[in-house]
Visitor: 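A single structure is presented below for examination.
Just so it is clear, the structure is predicted and the values come from calculations on it, not from any experiment.
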Amino acid sequence: MENNVESLRKEKKVSQEDLASIVGVSRQTIISIEKGKYNPSITLAFKIAKYFDKKIEDIFIYNEEKDN
């Protein structure tokens, strides 16, 4: 799964640490999400989407070909 978390975060000028605090996870979790090494739970995905005022599917892009 690909995502736009890093670009949205930078656009909003918020640090990884601040975003982590806002959505209730560690900075390491945000780093892992941004690098595509960790797929968030649906609850965390909703929190991130709500913070950026976006739909989940606007942030997290499922690519079936890459997941196979």
Side-chain angles (χ1 to χ4, degrees):
M1 182 164 33
E2 297 175 29
N3 70 75
N4 298 320
V5 174
E6 184 176 12
S7 61
L8 289 168
R9 180 181 59 75
K10 287 180 177 180
E11 192 175 286
K12 200 161 182 164
K13 294 182 171 68
V14 65
S15 70
Q16 290 171 329
E17 187 70 39
D18 289 342
L19 179 58
S21 178
I22 290 163
V23 299
V25 297
S26 69
R27 179 175 170 261
Q28 188 60 44
T29 299
I30 298 301
I31 291 167
S32 295
I33 290 170
E34 288 183 355
K35 290 183 176 180
K37 294 183 178 182
Y38 175 75
N39 291 330
S41 68
I42 192 71
T43 303
L44 179 53
F46 270 110
K47 287 179 182 180
I48 292 169
K50 183 176 180 180
Y51 174 73
F52 289 116
D53 195 28
K54 303 273 184 194
K55 295 179 184 175
I56 288 177
E57 58 269 25
D58 292 336
I59 299 174
F60 298 97
I61 301 97
Y62 176 69
N63 187 335
E64 192 171 343
E65 290 177 13
K66 284 191 175 184
D67 285 346
N68 286 334

Visitor: Which pairs count as salt bridge (Lys or Arg N to Asp or Glu O under 4.0 Å) when at least one residue sits in residues 33-52, sequence neighbours excluded?
Guide: Arg9-Glu34
Visitor: Output yes when a side-chain donor or acceptor of Ser32 lies under 3.5 Å from a complementary backbone atom of Gln28, and no otherwise.
Guide: yes
Visitor: For a 4.5 angstrom cut-off between non-hydrogen side-chain atoms, does Leu19 reach Phe52?
Guide: yes
Visitor: Taking Tyr51 as the fixed residue, which of Leu8, Ile59, Ile22 is the one that meets the side-chain contact (heavy atoms from CB on, under 4.5 Å) rule?
Guide: Ile22
Visitor: Let's go through Thr29 and Leu44 carefully: what are the C-alpha distance in whole Å and the side-chain angles of both, what is the deciding distance for side chain to side chain contact (heavy atoms under 4.5 Å, CB included) to 0.1 Å, and is it a yes or a no?
Guide: CA-CA 10 Å; Thr29 299; Leu44 179 53; 4.2 Å; yes
Visitor: Treating Asn3 as the side-chain partner and Ile61 as the backbone partner, does any N or O pair qualify as donor plus acceptor under 3.5 Å?
Guide: no
Visitor: Taking side chain as C-beta onward, heavy atoms only, is Ile48 less than 4.5 Å from Phe60?
Guide: yes
Visitor: Hey, quick one: are Ile31 and Val14 part of the same hydrophobic cluster, counting side-chain heavy atoms closer than 4.5 Å, chains of contacts allowed?
Guide: no
Visitor: What is the minimum heavy-atom distance between Ile56 and Ala45, and which atoms define it?
Guide: CG1-O, 3.9 Å
Visitor: Once you round to the nearest 0.5 Å, how far does OG of Ser21 lie from CZ of Arg27?
Guide: 13.0 Å
Visitor: What do the steps show when you test Ser7 against Asn4 for side-chain hydrogen bond (donor to acceptor under 3.5 Å, both in side chains), and what is the final call?
Guide: CA-CA 6 Å; Ser7 61; Asn4 298 320; 4.6 Å; no
Visitor: Nearest 0.5 Å please: distance from the CD atom of Gln16 over to the CD1 atom of Ile30.
Guide: 8.0 Å
